[in-house]
Amino acid sequence: MKTSFIPIDYDYFDWKGKNYAKLVGRNEKGEKICLIDSCPAYLWAILKENLKQPKINQIIGKIKTITISSKQRKTKIEKIEIKDKNFLGKKVKALKIYATNYKDLHEIASNLKFPEIENRRGYDLGFITHYIIEKQLLPLQWYEVSGELLNNSHEFGGIDMALNVSQCIKAKEINPIKEKQFSPNILAYDIETDEFKIGEGEILMISLVGKNFKKVLTWKKTKNHADYIEEVKDEAELLEKFCEYVKKTNPDFLVGYFSDGFDLPYLKARAEFHKTKLSLGIDQSQPKFSRGINLTGKINGIVHIDLLKFVKTAYSQYMQSETLSLNEVAKEFLGDTKKQFKFQHSSKIKDWNKYFEYNLHDSVLTYQLFEKFWPDFIGFSNVIQEPIFDISRNGMSKNVESYILHNLEKFNEIPERRPNHDEISKRRNREKYEGAFVFEPTPGLYENIAMWDFTSYWPSIIVTFNLSKSTLLEKKEKNSNKAVVLGKEIYFSKNKGFFPKMLEEIIEKRKKYKKELQKNPNAIKKARSNAYKLLANSSYGYMGFFGARYYCPEASGAATAISRDFIKQIISKINKNGYKTIYSDTDSIAFLMQNKSKKQISDFLEKINKTLPGIMELELEGFFKRGLWVTTRAGTTGAKKKYALLGENNKLKIRGFETVRRDWCKLARETQNKVIQLVLRQGNETKALEYVKDIAKKIKQRKISKEELIIKTQLKKPLAEYKAEGPHVIAAKKMKELKIPITQGNLIEYYIAETPGKKSKLIRDKVKLPEEKGEYDIDYYLNRQILPAIENIFQVFKINAKELIEGKKQTTLGDF
DNA sequence: ATATACACGGATCCCCTATTTCC
DNA sequence: GGAAATAGGGGATCCGTGTA
């Protein structure tokens, strides 16, 4: 039989000692389909150079006899081929060793310790990645599949009978076909409980939201409740009903927010408590969790998505929100927030309808966020060629690596292996290579500033200078690129390596999609362009990352060394041509226009660009009316990574200042922001002075509301691990005492209060939680929040802000 | 545990010395 | 008068959060 098919979920199983991929997806009618497919398993044995054929034959003979026996299966070598391949920049002869089971390749590799074999590779990709590479059956692309319909078949132990799908097919032929319309069936869910700790309290309710579907399941009996409420007998029935609805909806994606770490494990724990099964899988199986600190919940045949994880890797660096809570993320992406609800133990709740509404709305937001992110899921999945389950959870290093693995075949390249435990710990302890160059600014208020920056600086350097593990030379060669890293001279071949080539491709594709996007905006194209951008930006970090297969700190170090050379060259050219450099960080340079025209500056830029090698390119970031740089807190040098610019459109660009730091109270941030604005817009400090005086007065008169004084700091590790007990640690301990759930990653809020009687000088002894009664500490907020935030700014105008705040007479400016 | 290095700056930690307190 | 406790100065370290 034949059918159209779009693969969504990837899994695999063993049958009679062999591996089979089990794919779940849809046909064009929207029916759920399971496809079973086989795939050859093999690894590579890279031979030493110049081996004679008889010798090779002898080794092949020996390898053929290898068998791996375990309780479940007996794995044999099926066949061996000799191939010409590439491995890390070298042409090699390699044996392609086929075995009957992928999972035993590792074991076979360790049985291949012949002196004639240089390296053993390709056994550690994971079956699904291996399968996708081998069969080119890419997630979320359409195919036509022909094969055998399994109907009450005994093949594969009767798998087709156990699955909640329309058809189960054993694949024979698979061919890509034209793209068709596909809108996934999504079900979002959220639970409410009394206890935060997994499984410790009862689940009160579960909300489910799908297309034209809204439900809140609860055992709490209420009168006059909304239509979407469905009452059940007790918690056990609640779990049962939940499974029933999931089964009925049979979604492609079951979506939660922080559901890997909370909702799904909680449901499972409560099912265990009631000695029932949480049968969510299409084969009635329970969700399975990965071991380790970060839980990952997998459901058979339904892709379980924890949106929080995807937001973290794909969006967080470009977001405005200060936390990744559902509330803030929804606000930023949807312009909607969670419903207001004050949490209480269920025994104390009066308005249950409010609680139901709150619970339902969380699922609504989760549902809408998934829809919003759907183009990005497709974009990422298309570009990286891994299933949504994986790309939604993996960090950027894993995504870069997946991209590489899926594109090696074009280069006839054998994959490098993962580092082992010892290598990882050695890599983690390596000496840090020197990073980018940062120019020390002279504090001051400047006018008419131009700013240039390099486009995709790191990728362009890596591509232009051919930096990578496979192009790193052991010793100096003719016609090579040199760099000095940690005092040592290192060299890279000028023969293009696969990694730089791949990166160049990524940059080109990004450009292409960006161009198409401008002509004809489309969410999928935008997402694809974005995925390429993220990949390009992470490639430099990837090479310096200890867990990377293609780890090469020499290449990362060379990239930074080259970056320093170029930026310094440009700075000196700028200065020699009658401009004056004010500031520079990594790939950007700000300089004074010195009465020259924009035209002159852009001509100059063009001239410089002609001298740049390879794909390196400098571009205009913008012109600015004014710019402000200040001293460091110590007051002796100009502060780096801290400046504010006023654009021609009157927009402010503020970097590094307390204004943009979430660990300063709102009052300090807003005061500083206002001061920066007034200074930049007016070109002088007079208005700003008055403003600060007024704020200081209000603080002293206790006219500031507590909300403005709350300080927020994230708890980055478990409480017990702190060596230094800072204020936020104390606040967290207080919360713990009050039985408020806190975990690593929480944003802790507190304020500094006056504590009469206590003589301690430590700030932590004055910490109070927002709910705690108390008077704020005037001295603290004046001298440790407001003053540090504005002192260096006034310093630029030679004004002593401390005297100003304390109300002493202003000497520099006279009376006003 | 899961991209890199550079940078700022608050707060605590820790050692030292000077001063105060206690017997 | 001498030992022990305390204060405080200052650098080292921890810690969180930015920029690129």
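To find a chain, count down the sequence lines: A is the first, B the second, and so on, and within it residues start at 1.
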ask   = What does A:Y780 touch in the nucleic acid at a heavy-atom separation under 4.0 angstrom: a base, only the sugar-phosphate, or nothing?
value = sugar-phosphate
Could you list the donor-acceptor pairs under 3.5 angstrom formed between side-chain atoms of residues 612-621 of chain A and any protein atom two or more places apart in sequence or on another chain?
from   : atom 1 : to     : atom 2 : distance (Å)
A:E617 : OE1    : A:T455 : OG1    : 3.4
A:E621 : OE2    : A:K653 : NZ     : 2.5

ask   = Is A:R430 touching bases, backbone alone, or none of the nucleic acid, heavy atoms closer than 4.0 Å?
value = sugar-phosphate
message = By the 4.0 Å heavy-atom rule, please label A:S556 as base, sugar-phosphate, or nothing.
response = nothing
Hey, what are the protein-to-nucleotides 14-17 of chain B N/O distances that come in under 3.5 Å?
none

key: A:I752 CD1 to B:dG10 P, straight-line distance once rounded to whole Å   = 14 Å
request  = Among the candidates B:dC6, B:dT12, B:dA3, find the nucleotide nearest to the side-chain atoms of A:F545.
outcome  = B:dA3
request  = Give A:Y433 one of three labels, base, sugar-phosphate or nothing, depending on what nucleic acid heavy atoms sit under 4.0 Å from its own.
outcome  = sugar-phosphate
key: Pairing residues for A:E749 by the side chain to side chain donor-acceptor pair (under 3.5 Å) criterion, not counting sequence neighbours   = none
ask   = NA contact type, A:P788, heavy-atom cut-off 4.0 Å: base, sugar-phosphate, or nothing?
value = sugar-phosphate
Give every donor-acceptor pair under 3.5 Å between a side-chain atom in residues 529-539 of chain A and any protein atom, sequence neighbours left out.
from   : atom 1 : to     : atom 2 : distance (Å)
A:S529 : OG     : A:R510 : NE     : 3.4
A:S538 : OG     : A:L534 : O      : 2.5
A:S539 : OG     : A:A536 : O      : 2.7

key: Side-chain N or O of A:N294 closer than 4.0 Å to phosphate OP1/OP2 of B:dT2   = yes
note = note: A:E554, atom CD; B:dT4, atom C1'; distance rounded to Å ~ 15 Å
ask   = Can you list the residues that meet the side chain to side chain contact (heavy atoms under 4.5 Å, CB included) rule with A:Q714, with sequence neighbours excluded?
value = A:R662, A:K716, A:L747
note = When rounded to whole Å, the CG to C1' distance for the pair A:L534 and B:dT4 reads 16 Å
message = Can you see if the side chain of A:R428 gets near the phosphate of B:dT4 - specifically, an N or O under 4.0 Å from OP1 or OP2?
response = no
message = How bent is the helix from B:dT4-C:dA20 to B:dC23-C:dG1, measuring the angle between the end axes built from five pairs each, rounded to 10°?
response = 10°
ask   = Does A:N407 have any side chain to side chain donor-acceptor pair (under 3.5 Å) partners at least two apart in sequence or in another chain, and if so, which?
value = A:K410
ask   = Who passes side chain to side chain contact (heavy atoms under 4.5 Å, CB included) against A:I778, sequence neighbours left out?
value = A:I699, A:K700, A:R702, A:Y776, A:L782
query = Can you list the residues that meet the side chain to side chain contact (heavy atoms under 4.5 Å, CB included) rule with A:Y780, with sequence neighbours excluded?
reply = A:I711, A:I752, A:I763, A:D777, A:R784, A:Q785
ask   = Any donor-acceptor pair under 3.5 Å linking the side chain of A:Q795 with the backbone of A:N800?
value = no
query = Would A:T471 and A:S468 count as having a side-chain donor-acceptor pair, cut-off 3.5 Å?
reply = yes
ask   = So, for A:Y446 and A:F624, is the gap between ring centers shorter than 6.0 Å?
value = no
Between B:dG10 (P) and A:I748 (CD1): distance, integer Å = 21 Å
ask   = Residues two or more places apart in sequence or in another chain: which of them pass side chain to side chain contact (heavy atoms under 4.5 Å, CB included) with A:S325?
value = A:T323, A:N327, A:E328
A:L762 CG - C:dG8 P separation (whole Å) = 12 Å
inquiry  = Taking any heavy-atom pair under 4.0 Å as a contact, classify A:G541: base, sugar-phosphate, or nothing.
reply    = base
message = In whole Å, I'd like the distance from the CG atom of A:D765 to the C1' atom of B:dA11.
response = 12 Å
inquiry  = Taking the minimum atom-to-atom distance to the side chain of A:N792, which one of B:dC13, B:dG9, B:dA11 wins?
reply    = B:dG9
inquiry  = ring-ring contact (aromatic ring centres under 6.0 Å, His included), that's the test. Do A:F310 and A:F377 meet it? Break it down for me.
reply    = CA-CA 9 Å; A:F310 188 63; A:F377 279 119; 4.3 Å; yes
query = Over how many whole Å does the gap from A:I562 atom CD1 to B:dA5 atom C1' extend?
reply = 16 Å
task = Spell out protein contact along nucleotides 15-20 of chain C as letters: B when the base is contacted, S when just the sugar-phosphate is, - when no protein heavy atom is under 4.0 Å; keep the 5' to 3' order.
result = SBBBBS
message = How many whole angstroms separate atom NZ of A:K640 from atom P of B:dC8?
response = 6 Å
task = Name all residues meeting the ring-ring contact (aromatic ring centres under 6.0 Å, His included) criterion together with A:F657; count only those two or more places apart in sequence or in a different chain, and write none if there are none.
result = none
